[in-house]
There are 2 protein chains.
Amino acid sequence: MGQASATIRDVAREASVSVASVSRALNGHSSVHPETRARVVAAAEALGYVPHAGARSLSLARSHAIGVILPDLHGEFFSEIVRGMDREVNARGYHLLLSNMHADASLAAQAMRSMRGRVDGLIVMAPQLDAAGLDAALPKGVPAVLVNSHDGIGRASFRIDNGAGIIASVAHLAALGRRRIVHVAGPAGNIDARERSEAYHAAMAAHAPGIAPIVIEGDFHEQSGADAVAMLRSMDATFDAIVAANDMMALGVLRGLREAGMDVPGTVAVTGFDDIPLARYLGLTTVRVPLAEIGARAVGRLVDALEGGDLSPDTLTVATELVVRGTTALSPGTP
Amino acid sequence: MGQASATIRDVAREASVSVASVSRALNGHSSVHPETRARVVAAAEALGYVPHAGARSLSLARSHAIGVILPDLHGEFFSEIVRGMDREVNARGYHLLLSNMHADASLAAQAMRSMRGRVDGLIVMAPQLDAAGLDAALPKGVPAVLVNSHDGIGRASFRIDNGAGIIASVAHLAALGRRRIVHVAGPAGNIDARERSEAYHAAMAAHAPGIAPIVIEGDFHEQSGADAVAMLRSMDATFDAIVAANDMMALGVLRGLREAGMDVPGTVAVTGFDDIPLARYLGLTTVRVPLAEIGARAVGRLVDALEGGDLSPDTLTVATELVVRGTTALSPGTP
DNA sequence: CCAGCCTGTGTAACCGGTTACAGGAAAGCG
DNA sequence: CGCTTTCCTGTAACCGGTTACACAGGCTGG
């Protein structure tokens, strides 16, 4: 029925004790007479009493919830990270409050503010915000762990080793004899995109000296990968490899190449970044990022800080690993 | 620094008014003198005041959060549903509190109880719980919408039209001339799995009379699809089509067939269920379920109930659609 | 026999908001 | 000018828990 749930006072009345005793009994305090505890437990059981988490957290100043701010739930990149968080949060007895924040910086600030008093800490993924915007948006009192965001603002954070991943990709392609390597970059302003792009230039200088780097800007979504191929063809560019800044765009690139009748990896080799689950199925050579693990570690670090120690403002860099699959196979046609 | 956030009383002091006026001014009540409102807003701004959502929801008895209970965040099935929810929840000004509940029924009840006082309503996906277990686990006072769960316990719910989907798949295969159709089922106890399995039997009776149906039980994960193929081979079964109860298992089936050197769709045609994003990339014929839309509609219905009307205990059935792709192509080799 | 301690319990303040109700000041009206 | 009405504001109770502090009663020890 629509009857209101029992409160602690109802239980107290039913058990003929004070609310203090009910609270102590149910929270396992030691200074409660066994007989009293039994009466309280029986009364709570009889009334189907469940403590009101909101009231509890107001009084304790702990909600046992952590907020997750992320730009997009689309695609496997963030899903995987959230999955890792969920796993860890479950193990630690916390809850996850999701909030996805669309690109705009003031909306981002808005999203974070709306979490005050709802969560004990924040995990923020905001690759599209610059350092100043991020700093302004973060509420002052709340512990936060940044993931994939501009750091250097004195906050705990995790960063992917973007440079090493791209450099490994380019080196791998160079080892296969490819030199005319194109980069399909992520959106300007995105920190990961920028680092990957810079690494591409550095790697080209090292492995393909004398060859002009070509960068086409995409937006991390699949379609922009296909668009990039179309653009390359309309430019009459010659290329024998494409390094995409993430897997989704690499998939678009593959589609674009297939539609253009260009053989992969025979004519053009392709690499991605992230190693989302899809990549394995499609045989895409890519840079593995332990996404779920990053999520779990971010939660772990935050919860540790909430429970005991303090949050050191270090940036932890997460190693990546090149995973070679069919799209850069040595002999063409080997999928 | 670590200084505590400003409370409404701090703002009141700063603006030299009472807390009541601060509350009224900030919440857009009309009966506040413009001059007072300005002073309050200025003070709030100066102190960086952000209302404490927990306190607010305690007093209003509304948290503007809705809890989502789901069995697993792994795979694209639930990710897609959550994505749809997130979209809708954002539009409606609510938050999403995730909680994934592992198979056990008492843990499920535990998970739901822990949400009392934290959320205004619940969306529950519990295909593995039977009606009694579900009814016992659901807290009494909280409005809830069931998705993909046993219904018939007088709760608002959404169900996928499993029967129609499987029947369409079998009919499609029969139209291609396949008769020896095997079903790789989901885990026993799962309501979707059972309905799909029953529909398979009915469809076989209709489209392949005289042919003994073969069912291999899987667990909805990829590996069990591959295992099913191995089992079929060890049984020396003859078959020319496999209807998997979901896409992940269909992917496993494809892998198993490839490893066994059996041509798809030449020798064996394969269908899945759900149309997760992966299916499109791999050319898997499958039954499309509008996952994101289901999530969004579940949220919509719940929020409508929370804000105004009541929650009618109807079960809404969501239509599916057969999507034909390469794994059941007419001529073999056409991917 | 009484001071002092220990155990178990109750009273009431508090967490940070919202809001019913009361009341003061200014304005309208006869 | 006195009275009602209107507008604005403040006081305090409340949401449902937790817990500092007070205290009653039974023991122990001198």
Side-chain angles (χ1 to χ4, degrees), chain A residues 4-41 43-44 47-65 113-120 139 141-142, chain B residues 3-40 43-44 47-65 113-120 139 141-142:
Chain A
S5 311
T7 74
I8 197 173
R9 296 177 221 268
D10 297 327
V11 177
R13 195 177 320 114
E14 175 83 10
S16 309
V17 295
S18 73
V19 292
S21 289
V22 175
S23 177
R24 284 189 284 248
L26 295 178
N27 289 314
H29 268 242
S30 55
S31 62
V32 180
H33 191 92
E35 206 269 341
T36 306
R37 184 188 308 273
R39 270 220 316 287
V40 168
V41 169
L47 296 176
Y49 170 69
V50 181
H52 188 287
R56 195 146 196 277
S57 66
L58 179 58
S59 145
L60 291 175
R62 299 298 304 290
S63 65
H64 278 261
R113 292 196 198 306
S114 79
M115 292 231 172
R116 132 125 162 124
R118 226 182 255 284
V119 300
D120 295 334
V142 187
Chain B
Q3 70 183 0
S5 310
T7 74
I8 196 174
R9 294 174 223 270
D10 298 327
V11 178
R13 195 176 322 114
E14 175 84 10
S16 310
V17 296
S18 72
V19 292
S21 290
V22 175
S23 177
R24 285 188 284 249
L26 263 24
N27 289 315
H29 268 242
S30 55
S31 62
V32 180
H33 192 93
E35 206 268 343
T36 306
R37 184 188 307 274
R39 270 221 316 285
V40 168
L47 296 176
Y49 170 70
V50 181
H52 189 286
R56 195 146 198 277
S57 66
L58 179 58
S59 140
L60 290 175
R62 298 299 304 291
S63 65
H64 279 262
R113 291 196 199 308
S114 78
M115 293 235 172
R116 132 125 163 126
R118 226 183 255 286
V119 301
D120 295 335
V142 187

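In what follows, every chain begins at residue 1, and chains take the letters A, B, ... in the order their sequences are listed. Computed from a predicted model, the values in this text were never measured in an experiment.
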Whole-Å gap separating P (D:dC14) and NE2 (A:H52): 17 Å
Check whether any side-chain N or O of A:S59 sits under 4.0 Å from OP1 or OP2 of D:dT18, and answer yes or no. no
Hey, does B:S23 reach any base, or is it just sugar-phosphate, or nothing, if we go heavy atoms under 4.0 Å? base
Provide, to the nearest angstrom, the distance between the CZ atom belonging to A:R37 and the C1' atom belonging to C:dT7. 14 Å
Atom NE2 of B:H33 to atom C1' of D:dG10: distance rounded to whole Å? 17 Å
Within the structure provided, determine whether B:I8 and B:S23 are in side-chain contact (heavy-atom separation under 4.5 Å). yes
Quick check: do B:V17 and B:R24 have side-chain heavy atoms less than 4.5 Å from each other? no
So B:A20, base contact, sugar-phosphate only, or nothing? Heavy-atom distance under 4.0 Å. base
Indicate, with a heavy-atom threshold strictly under 4.0 Å, whether A:S31 touches base, sugar-phosphate, or nothing. base
Donor-acceptor pair under 3.5 Å, B:R9 side chain vs C:dG16 base: yes
Given atom CD1 of B:I8 and atom C1' of D:dG10, what is their separation to the nearest angstrom? 13 Å
Nucleotide C:dT18, atom P - distance to CG of B:L26 in whole Å: 8 Å
Tightest non-hydrogen contact, residues A:D120 and A:S63, listed as OD1-N, 2.7 Å
Give A:L60 one of three labels, base, sugar-phosphate or nothing, depending on what nucleic acid heavy atoms sit under 4.0 Å from its own. sugar-phosphate
What's the shortest heavy-atom distance between A:S114 and B:A53, and which atoms? O-CB, 4.3 Å
On the side chain of B:R24, is there an atom forming a donor-acceptor pair with the base of D:dG10 - under 3.5 Å, no angle test? yes
Phosphate OP1/OP2 of C:dG10 contacted by A:S21 side-chain N/O (<4.0 Å): yes
Proximal nucleotide (of D:dT9, C:dG8, C:dT18) relative to the B:R56 side chain: C:dT18
Could you state the atom-to-atom distance from CG of A:L58 to C1' of D:dG17 in whole Å? 8 Å
Taking NE2 from A:H29 and C1' from C:dT7, how many angstroms apart are they, rounded to a whole number? 15 Å
Provide, to the nearest angstrom, the distance between the CZ atom belonging to B:R62 and the C1' atom belonging to C:dG16. 19 Å
Does a side-chain N or O from B:R118 land closer than 4.0 Å to OP1 or OP2 of D:dG16, or not? no
Would you kindly compare A:S30 and B:G54 by the position of their nearest DNA chain C nucleotide and give the one closer to the 5′ end? A:S30
Tell me if a side-chain donor or acceptor on A:R37 pairs with a main-chain N or O of A:H29 at a distance below 3.5 Å. yes
Sugar-phosphate, base or nothing in reach of A:R116, heavy atoms under 4.0 Å: sugar-phosphate
